[in-house]
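These notes are about the structure you will find just below.
Values below: all heavy atoms of this structure, side chains included; hydrogens, waters and symmetry mates excluded. In what follows, chains are A, B, ... by sequence order, proteins preceding strands, each numbered from 1.
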Number of protein chains: 2
Amino acid sequence: MALGKDYTGQDCSLSRGLELLGERWTLLVVQNALYGVRRFNDFQVRLDIPKAVLSDRLTRLTEGGVLEKRRYQPSPPRYEYLLTAAGVELWPVIYSLSVWSHRNIGGEPPRLFRHAACGSGLLPSSDCPECGRIEPGEVEMYPGPGPKRDDPVSRAMNRPRRLLEPVVPE
Amino acid sequence: MALGKDYTGQDCSLSRGLELLGERWTLLVVQNALYGVRRFNDFQVRLDIPKAVLSDRLTRLTEGGVLEKRRYQPSPPRYEYLLTAAGVELWPVIYSLSVWSHRNIGGEPPRLFRHAACGSGLLPSSDCPECGRIEPGEVEMYPGPGPKRDDPVSRAMNRPRRLLEPVVPE
DNA sequence: CAGGGTGGGTTCAATGAACGAACCGAGGTA
DNA sequence: TACCTCGGTTCGTTCATTGAACCCACCCTG
């Protein structure tokens, strides 16, 4: 973790995970990648994060194997950051922490999730209560009662859609 | 989050959770509380964390309803920090992030976990593959192949034991 | 009753991130 | 020619972390 020093001396897997994921903003970047955000500018607009910090987080997540940077058009050169398989596996972690926060801190969720195939809401583990374990691509997100940000990226994200489906602002 | 500023402007539950749990060291404190660490000095010895930071994190977790501070003897006054019900609910989050880290970053785990009643290893969700959802108190931890710290608290923690069972060093 | 040990902290100077505004360069577009 | 967008980098200020030193109430020992 670039915060001060690393967690050397800790003996658990968790500390190694936190070196990569535990910095400020990092998990929110991954969450938005799961929601379909892919481009530098879209992350920046949606998160209101200093560009230098976003640049650092995207680089570290790419080096850490969570994201993959890809040029999606040759000219002018434009890039997108896609979740790797390892990155997609963070969905249960992020979802269960969101559920914990909603239950134990409060606030209305701006987005809800259900199994697209059967319509059931998800368990805190991100499993479907009817069908058991499901992949993020089978999860549909749709607007909930909570407040939403009002920027082009957030507006595009609030239309009902699958996880990982690319966000297209405007 | 005391890191710079808070995540005001974010619209998701996750950002509220990260304000409480997302700072450096915080999730490691909760993890050790699940492993049975309860006292200021024991956290400090086991984590090698600056005392000022530990003090801050314990205070914030207490204010946030994750820990409860209790005097366990009147004279000399001595305190312990116990997980609340909300704190115990963080076990699946912490376990699933540990499993992710082990799988995607590597390293040998110093501690393993199984359902005490049936002996099965846990799923990444912290459920038992045989029995389904289980409580942290039903989970037994025992030494794994990975390296272990060598301090009195860590040694006491490496004896096979239930989650939440108080650590007694010496 | 003086001296030392323990638990649970606080204080402080130095270091290192985060912030936000400004800037930049390549490639469109009017 | 001038301006816009995307994807950044640079830089001075602010804020958190670090580690060493200190503190105090209470116990124990000689």
Separation of atom [atom1] in [X] from atom [atom2] in [N], rounded to whole Å:
X: B:Arg57; N: D:dT18; atom1: CZ; atom2: P; answer: 8 Å
X: A:Tyr79; N: D:dG8; atom1: OH; atom2: C1'; answer: 10 Å
X: B:Asp56; N: C:dG9; atom1: CG; atom2: P; answer: 12 Å
X: A:Gln44; N: C:dC19; atom1: CD; atom2: C1'; answer: 12 Å

task: Could you walk me through whether B:Trp25 and B:Phe43 pass ring-ring contact (aromatic ring centres under 6.0 Å, His included), step by step?
output: CA-CA 11 Å; B:Trp25 295 113; B:Phe43 283 110; over 10 Å; no
query: If you find the nucleotide of DNA chain C closest to B:Asn41 and the one closest to B:Ala52, which residue's nucleotide is nearer the 5' end?
result: B:Asn41
statement: Of A:Ile49 and A:Pro74, the one whose closest nucleotide on DNA chain C sits nearer the 5' end is A:Ile49
Please confirm whether the shortest side-chain N or O distance from [X] to OP1 or OP2 of [N] is below 4.0 Å.
X: A:Tyr72; N: D:dC6; answer: no
X: A:Lys51; N: D:dC11; answer: no
X: B:Ser55; N: C:dG8; answer: no
X: B:Arg24; N: C:dA17; answer: no
X: A:Tyr81; N: D:dG8; answer: yes

Basic-acidic side-chain contact under 4.0 Å: [X], [Y]:
X: B:Asp150; Y: B:Arg155; result: yes
X: A:Glu23; Y: B:Arg24; result: no
X: B:Glu80; Y: B:Arg39; result: no

message: For B:Glu140, run the salt bridge (charged side-chain N to carboxylate O under 4.0 Å, His left out) check against B:Arg162, B:Arg159, B:Arg114 and tell me which one passes.
response: B:Arg114
query: Who are the side chain to side chain contact (heavy atoms under 4.5 Å, CB included) partners of A:Glu63, not counting sequence neighbours?
result: A:Thr59
query: Who are the side chain to side chain contact (heavy atoms under 4.5 Å, CB included) partners of B:Val99, not counting sequence neighbours?
result: B:Tyr95, B:Arg103, B:Pro124
With 3.5 Å as the limit, what N/O pairs link the protein to nucleotides 24-26 of chain D?
unit_1	atom_1	unit_2	atom_2	d
D:dC26	O3'	B:Ser75	OG	3.3

- prompt: Base, sugar-phosphate, or nothing for A:Arg71, non-hydrogen atoms under 4.0 angstrom?
  reply: nothing
